[in-house]
Number of protein chains: 2
Amino acid sequence: MKTEQRNTREPKRDKLKSMEKLLHSVGAILQKDGYKALKAQHIATHAKLDKKLIYNYFGSLGGLIDAYLKKNDFWKRTELLTEQAPLADLQADKVVEILKGEFTFLEHSPEMQHIILWELSEKNPLLQEILDEREHFGEQLFKLSDKYFKGSAVNFRAVNALLVSAIYYIILHSRYNTNTICGIDATSKKGREQLFKSIEQIIYWCYREAEQTRNQ
Amino acid sequence: MKTEQRNTREPKRDKLKSMEKLLHSVGAILQKDGYKALKAQHIATHAKLDKKLIYNYFGSLGGLIDAYLKKNDFWKRTELLTEQAPLADLQADKVVEILKGEFTFLEHSPEMQHIILWELSEKNPLLQEILDEREHFGEQLFKLSDKYFKGSAVNFRAVNALLVSAIYYIILHSRYNTNTICGIDATSKKGREQLFKSIEQIIYWCYREAEQTRNQ
DNA sequence: GTTACAAGTCAACGGCCGGTGACTTGTAAC
DNA sequence: GTTACAAGTCACCGGCCGTTGACTTGTAAC
């Protein structure tokens with residue numbers, strides 16, 4: 001609103017660049033050490049800036065973190081699935097692919113892991129908002145599968161709620177705990193494949209059962 | 001080892017009673033406010049004792065908490081199922097009953113919720129130990145079901161790993177988040193029943209599939 | 001009662017962390 | 001160059017929390 005002559009030159013003292021550095025550091029720290037490590041001094045040091053700037057630019061530490069969350073909506077990732085090739089149908093193999101993708105992505109995204117843990121650890125309106133968005137997107141997908149389950153004995157949303165929840169818990173559990181879950185070692189290739197196969201089986205059971213019971 | 005004349009009299013200054021008060025306060029606070037609220041001053045105030053006693057008796061705050069965890073193995077609860085009437089078999093309806101029981105118990109046990117969250121939040125050898133015990137107990141149960149799934153296309157342990165994990169995540173999620181999971185509101189009676197029915201369905205699918213594919 | 005020791009009290013230290021006031025310095029307009 | 005202001009620096013406050021040392025007090029043995 002004041003100095004709008006950006007892009008023309010590159011000053012050494014650049015407020016917007018500093019803000020971006022801080023925001024970027026939030027992401028980097030979140031990914032490396034989790035939300036518990038989001039301390040003012042830590043973030044500032046990582047950004048090679050003075051922590052005072054956090055308060056100058058974002059009002060408070062919370063303001064900075066909120067700004068980061070608003071700018072980085074991690075749950076839009078899945079939309080790529082539809083952007084590339086818009087889905088018109090949702091058959092069993094596609095659902096299995098999405099669930100497996102969810103697992104693999106989460107497994108390799110410490111940032112997402114930390115955010116999910118965060119979401120389980122305390123009430124946060126911002127996180128809620130983002131979850132709501134995700135739900136809204138998921139609903140678009142489920143609409144595509146409704147025709148298979150309408151009037152059947154299968155509640156496909158409930159089954160997926162179970163499977164998605166299971167994936168979340170298993171990934172989080174495996175971060176700090178080396179022990180098995182019901183004898184399954186989710187960190188090993190073998191355990192992972194056992195879980196994947198069971199997920200696949202459950203989804204196929206759903207479609208089969210639905211076909212048999214649809215419209216009674 | 002020194003003053004062993006307990007039980008005879010009831011002194012006002014009673015070390016063992018004070019220790020128990022502190023341990024009990026740990027449990028009470030854990031249940032009410034979660035593991036994050038386990039502060040020395042907080043615990044001492046709740047026990048109506050001086051916080052110095054924590055260090056006199058348990059060496060450190062961590063020592064007190066560890067002592068509490070060691071004395072209270074929360075996961076033995078499930079064993080009641082077998083103590084009352086030792087299981088010799090594990091049919092589908094029994095498995096469903098156990099899983100539903102798990103859900104309902106966890107739903108009403110803030111203490112367990114906090115401990116599960118704790119387990120997801122940081123590495124803790126004590127918690128690991130307790131989880132291992134639980135795994136060992138679970139394995140006893142699975143052995144009873146092996147005859148149904150040996151040589152079949154169903155990995156019953158993997159399916160249960162998914163369902164148990166799902167239950168854990170859903171309960172934790174519902175503590176702070178009011179939004180739905182895949183359109184299911186786990187906090188409502190309706191949502192709970194939808195989840196229960198799907199769990200039941202999945203277990204029955206397992207037994208049915210196993211019967212059809214056993215020994216190929 | 002006297003005594004010795006454990007049980008319990010109290011005040012304080014030191015570290016961490018969010019936040020701030022007052023200062024210095026780079027930059028752009030003139 | 002001078003000047004004005006934003007960008008950035010630095011030392012510090014105040015609160016919280018784990019931990020401790022030095023003290024007081026109840027209790028049991030004699």
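Naming: A, B, ... by sequence-line order, numbering from 1 per chain. Bear in mind the structure is a predicted one, so any value in this text is a computation, not a measurement.
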Does the protein touch nucleotides 9-17 of chain D at the base, only the backbone, or not at all? Give it as B, S and - per nucleotide, heavy atoms under 4.0 Å. BB------S
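At D/dT19, one or more side-chain N or O atoms of B/Tyr55 fall inside 4.0 Å of OP1 or OP2 (strictly under the cut-off). For B/Ser18 and C/dA7, the shortest distance from a side-chain N or O to OP1 or OP2 is not below 4.0 Å. Distances shown here put a side-chain N or O of B/Tyr57 below 4.0 Å from the OP1 or OP2 atom of C/dG8.
Rounded to whole angstrom, the span from the CG atom of B/Asp14 across to the P atom of C/dC5 amounts to 20 Å. Rounding to whole angstrom units, CD1 of residue A/Ile65 and P of C/dC17 are separated by 13 Å. Rounded to an integer number of Å, the gap from CD of A/Glu20 to P of D/dA7 is 14 Å. The distance between atom CE of A/Met19 and atom C1' of D/dA6, rounded to the nearest whole Å, is 14 Å. Remark: C1' of C/dT27 and NZ of A/Lys17 are 16 Å apart, rounded to the nearest angstrom. Here the C1' atom of nucleotide C/dT20 and the CD1 atom of A/Ile54 are 13 Å apart, to the nearest Å. We find that CD of B/Gln41 is positioned 11 Å from C1' of C/dC10, with the value rounded to whole Å. If you take CZ of A/Phe58 and C1' of C/dT20, they are 18 Å apart, rounded to a whole angstrom.
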Let's test your reading of the pairing rules: Watson-Crick or G-U wobble, both distances under 3.5 Å, then write DNA chain D as a dot-bracket string with ( ), [ ], | and dots. ||||||||||||||||||||||||||||||
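The salt bridge (charged side-chain N to carboxylate O under 4.0 Å, His left out) contacts involving residues 172-189 of chain B comprise nothing, where partners must be two or more places apart or lie in separate chains. Among residues at least two apart or in separate chains, there is no salt bridge (charged side-chain N to carboxylate O under 4.0 Å, His left out) pair with a member in residues 43-53 of chain A. Among residue pairs with one or both ends in residues 30-42 of chain A, those qualifying as salt bridge (charged side-chain N to carboxylate O under 4.0 Å, His left out) are A/Lys36-B/Glu122; sequence neighbours excluded.
A donor-acceptor distance shorter than 3.5 angstrom exists from the side chain of B/Gln113 to the backbone of B/Leu106, with no hydrogens or angles considered. Judged purely by atom type and a 3.5 angstrom limit, B/His114 uses its side chain to pair as donor or acceptor with the backbone of B/Pro110.
Counting heavy atoms from C-beta on, the side chains of B/Phe156 and B/Val95 come closer than 4.5 Å.
Listed by chain and number, the residues in a ring pair (Phe, Tyr, Trp, His ring centres under 6.0 Å) with A/Tyr35 are A/Trp118 (sequence neighbours excluded).
For the residue pair A/Tyr55 and A/Ala40, the shortest heavy atom distance occurs at OH-CB, 3.4 Å. Contact record, B/Ser18 with B/Leu49: O-CD1, 3.7 Å, taken as the closest heavy-atom pair.
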